[in-house]
There are 2 protein chains.
Amino acid sequence: MYEMPQKNPFKKSFFDLKELVDCIQENLLCPATIEDTNHRLHAYSSHEDDTDSARIGTIISQRVPEKVINRLWKEGVIPKLLQTDGALRIPHIEDIGLRDRVAIAIRKNNETLGYIWVVEDQKKLNGAQLELLQDAAVAATPLMAKLYQNRKRKEENYQDFLWQLLTGHYKNLEEIHNKFYDLNLKMPERFTVLAFCFEQDITRKMEEQISYLITTSQKITNHFLVVMDEELILIASPHPSQPDEKAFDDFISFFVSEMANRFSIQGVRGSAGTGYQDFDKAQTSYQEALKVLKMKERFPEELENVHHFRHLGVFRYLNLIQKDQRSRRYEHPAIAKLEAYDALHKSNLLQTLEVFIQQDSNMNDAAKKLFVHTNTLHYRIKRISEIGGIRLTNIHEKIGIYLDLKARKMDDK
Amino acid sequence: MYEMPQKNPFKKSFFDLKELVDCIQENLLCPATIEDTNHRLHAYSSHEDDTDSARIGTIISQRVPEKVINRLWKEGVIPKLLQTDGALRIPHIEDIGLRDRVAIAIRKNNETLGYIWVVEDQKKLNGAQLELLQDAAVAATPLMAKLYQNRKRKEENYQDFLWQLLTGHYKNLEEIHNKFYDLNLKMPERFTVLAFCFEQDITRKMEEQISYLITTSQKITNHFLVVMDEELILIASPHPSQPDEKAFDDFISFFVSEMANRFSIQGVRGSAGTGYQDFDKAQTSYQEALKVLKMKERFPEELENVHHFRHLGVFRYLNLIQKDQRSRRYEHPAIAKLEAYDALHKSNLLQTLEVFIQQDSNMNDAAKKLFVHTNTLHYRIKRISEIGGIRLTNIHEKIGIYLDLKARKMDDK
DNA sequence: TAGCCTTTTGTGAAAATCTACAAAAGAAAC
DNA sequence: GTTTCTTTTGTAGATTTTCACAAAAGGCTA
């Protein structure tokens with residue numbers, strides 16, 4: 001068989017990624033795709049009919065399907081790719097429709113900019129071809145870098161606008177519309193502000209990991225992203241595939257757990273404000289999200305599964321109530337009495353009362369939480385009513401004293 | 001038998017009531033007492049050992065025992081006395097220790113100032129003696145009037161002080177102490193402000209009926225009384241015989257029902273603030289009492305049995321919450337959705353939800369209130385959760401939406 | 001240490017609540 | 001007018017909750 005002279009076809013400059021990917025196909029005789037670090041598709045070679053479903057899915061949706069990404073993480077493929085300089089062979093994964101393929105990271109100064117994926121035929125690529133792929137990756141670097149630069153420039157332009165939007169600088173809806181138009185930004189029909197709080201300042205690298213997770217989650221459509229020290233703010237809509245507001249709850253859970261799993265970034269707390277139509281409510285939604293974060297910090301147990309302002313319930317008003325109490329110097333007489341009793345008898349009737357109400361007045365649940373016998377709790381509740389002079393059978397008194405109890409927790413510590 | 005010449009012993013002026021009452025005894029040969037309209041004892045003749053227990057009780061406590069008063073009302077004695085000019089014979093009432101006696105009202109210009117009571121012996125008073133008693137009553141009039149005048153003058157002196165106290169004019173406790181001293185008023189150890197709202201302006205006559213009820217109730221010790229148009233304000237302590245704060249609840253119920261029963265004054269609403277020690281809290285206690293009245297007006301059903309601020313429960317905060325909602329233009333998304341659903345399907349899920357929570361999430365109670373089958377309610381609650389996107393199993397969401405529902409009721413109408 | 005009071009735990013029967021299923025009635029859609 | 005979806009009501013067994021009573025344990029005081 002006659003071999004072509006060994007001239008390196010990638011030692012030239014390419015006009016764009018499309019030209020490069022076609023060149024790869026010509027030289028390796030396999031279909032190729034180029035993705036950025038968020039697995040968004042940027043170029044793909046024309047291919048024969050015969051290709052695998054993962055590739056088709058990627059091309060259709062312009063993005064690698066979530067289940068494929070998840071699997072690649074689980075199998076350790078992505079982490080390995082991020083660390084390896086050369087091409088990497090990935091054995092086929094049947095159930096997500098992934099045939100054998102070879103991938104390589106596109107890098108610039110140790111920073112990963114994207115990936116080249118090549119689907120292998122029956123005939124596997126040989127060593128020389130794999131080395132050729134490395135050259136292709138080098139050739140891709142300036143093109144990918146340009147892509148990121150463009151994006152970054154655009155980003156810088158609108159960052160301060162977004163910040164102003166979130167802090168209520170624009171009161172007028174028309175003004176906001178114009179500004180969107182000026183900046184050439186598409187205004188989503190509906191939006192929700194998400195806020196995340198990290199344990200340390202968000203670095204450039206973390207920012208990438210963040211936008212990686214957002215893009216790959218497929219749960220929400222993120223429109224804008226703002227980073228401010230330890231805080232990350234997203235303006236997003238539910239993903240078309242997920243119908244309602246539940247999407248945000250899911251996304252936040254996903255985001256927090258995956259930041260920990262994939263990137264070992266622990267202790268991220270996330271929240272969402274109400275979804276609104278008009279962007280003059282951006283500040284409101286942001287404030288709501290912040291309120292959720294603040295309350296979660298104070299009441300981690302109570303709000304463990306709460307991410308959305310809509311589920312904040314009575315905690316929305318706790319701040320208000322606490323301030324009122326303080327300004328009036330009001331203390332619920334029953335609380336005062338119970339506290340005195342507790343101090344004198346080393347009991348904990350106050351806590352008992354709080355847990356009892358928090359368990360929706362369910363004796364069994366509350367007894368379990370308190371590690372006492374049901375009848376013990378029964379007895380205590382009777383005593384609490386007597387000592388505090390309260391009628392726990394009355395829902396309004398019950399809610400009232402519960403609010404007072406919770407409001408107390410707002411200022412101590 | 002030799003009869004004394006018919007010279008009228010009461011046609012002279014008496015130095016005080018004691019002199020008069022002794023004169024009655026001398027002439028009628030029966031023990032006599034003089035009371036004011038509040039059945040407070042002002043003078044009694046020295047008596048033989050043989051007298052009835054009602055009289056002894058009256059002398060000991062300086063006031064006619066409550067059970068005796070109640071009985072005299074029930075038997076129609078007091079109303080009749082108030083209407084009759086001459087002396088009235090009251091047959092004995094065994095079970096409250098009341099022997100046969102004769103009574104007469106002391107009057108001035110149709111206004112009753114008090115009563116003279118005479119306990120009869122075996123030998124009943126004859127007609128002439130009864131007429132003599134009428135003269136005694138006339139003789140008593142100027143003395144009783146002086147008594148009232150003194151009281152009235154003293155009252156006028158401190159009325160504006162009290163009003164200032166209640167409206168927070170005095171911030172300084174020492175200043176208040178001094179003022180009490182200047183006015184020669186005894187400052188009670190603890191006090192509670194009670195507020196009553198009448199349907200029409202309080203007349204002079206009603207004022208007397210009011211102070212009558214206060215004095216005879218024996219449930220509270222009233223220290224001061226202020227009347228302002230339709231409003232009656234008391235500064236009181238629990239009666240020594242009644243131990244704790246429950247006294248006020250009892251008194252208010254008693255007062256409202258007896259104003260209706262005895263004097264046909266309907267629609268009185270009463271309330272009490274918290275009990276405090278220091279009088280710089282007078283305004284607070286008063287404001288609390290007013291708040292109870294205001295909320296009772298808005299939520300008559302919910303607060304039907306609530307008179308004391310301590311039992312106002314969550315309604316303490318409703319005003320605050322409503323204002324907050326209004327200023328933020330916040331509407332709970334679930335409420336909005338349910339309201340829309342109700343309008344579209346002519347259902348009443350919102351009301352269902354409110355009743356359900358108000359019945360402490362008890363399906364049976366709530367179903368009864370709504371006149372539907374338990375399972376119907378069950379079904380509705382499930383639908384409410386779905387449509388509103390709320391988790392009614394979560395107490396915090398439940399309280400939250402309940403507060404929002406109640407707060408809505410604050411401004412409509 | 002005994003006696004008294006408060007608190008905790010155990011037991012079991014009565015009362016209630018929950019759950020699933022199904023029929024029937026009403027409303028809305030075609 | 002028929003069909004479909006929503007809503008209401010009924011029945012019954014399983015499960016939970018409530019309540020009364022009593023024993024035991026712990027604390028405090030004389």
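Chain A is the first sequence line, chain B the second, and so forth, proteins listed ahead of strands; every chain is numbered from 1. Keep in mind that this is a model prediction, so the values were computed, not measured.
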B:Gln359-B:Asn362 side chain donor-acceptor pair, cut-off 3.5 Å: no

Side-chain donor-acceptor pair present, B:His223, B:Ser237, cut-off under 3.5 Å: yes

Check ring pair (Phe, Tyr, Trp, His ring centres under 6.0 Å) between A:Phe251 and all other residues, then give those that pass, not counting sequence neighbours. A:Phe255

Counterpart residues, side-chain contact (heavy atoms from CB on, under 4.5 Å), relative to B:Glu297 (two or more places apart): B:Arg269

With axes from five pairs an end, tell me the bend angle of the helix from C:dT1-D:dA30 to C:dC30-D:dG1, nearest 10°. 40°

Salt-bridge present (B:Lys296, B:Glu304; N to O < 4.0 Å): no

Mind checking ring pair (Phe, Tyr, Trp, His ring centres under 6.0 Å) for A:Phe315 and listing every partner two or more places apart, or none if nothing turns up? A:Phe299, B:His396

Could you check whether A:Gln325 and B:Tyr317, counting side-chain N and O atoms only, form a donor-acceptor pair closer than 3.5 Å? yes

Going by distance alone, is a donor N or O of one side chain under 3.5 Å from an acceptor N or O of the other, for A:Lys369 and A:Gln358? no

side-chain hydrogen bond (donor to acceptor under 3.5 Å, both in side chains) filter on B:Glu288, not counting sequence neighbours, yields B:Thr274, B:Tyr276

All pairs passing ring-ring contact (aromatic ring centres under 6.0 Å, His included) where residues 358-387 of chain B contributes a residue, at least two apart: none

Distance alone, cut at 3.5 Å: any donor-acceptor contact between the side chains of B:Arg63 and B:Gln218? yes

B:Asn394 side-chain N/O to B:Glu397 backbone N/O, donor-acceptor pair under 3.5 Å: yes

Who pairs with B:Phe279 by ring pair (Phe, Tyr, Trp, His ring centres under 6.0 Å), at least two apart in sequence or on another chain? B:Phe180, B:Phe191

Please tabulate the protein-to-nucleotide N/O contacts below 3.5 Å involving nucleotides 14-17 of chain C, giving atom names and distances.
| from | atom 1 | to | atom 2 | distance (Å) |
| --- | --- | --- | --- | --- |
| C:dA16 | O3' | B:Asn364 | ND2 | 3.3 |
| C:dT17 | OP2 | B:Asn362 | OD1 | 3.2 |
| C:dT17 | OP2 | B:Asn362 | ND2 | 3.4 |
| C:dT17 | OP2 | B:Asn364 | ND2 | 2.5 |
| C:dT17 | O5' | B:Asn364 | ND2 | 3.2 |

Please work out which residues in residues 341-357 of chain A have a non-hydrogen atom less than 4.0 Å from an atom of DNA chain D and list them by number. none

Not counting sequence neighbours, which residues clear ring pair (Phe, Tyr, Trp, His ring centres under 6.0 Å) with B:Phe254? List them please. none

Positional range of nucleotides in DNA chain D within the contact set of chain A, heavy-atom, under 4.0 Å: D:dT17 to D:dA20

Return the residues of residues 375-384 of chain B meeting this criterion: a heavy atom under 4.0 Å from some atom of DNA chain D. Order them by number, or give none. B:Asn375, B:Thr376, B:Tyr379, B:Arg380, B:Arg383

If we ignore hydrogens and angles and just use 3.5 Å, is the side chain of B:Ser285 paired with the main-chain N or O of B:Lys281 as donor and acceptor? no

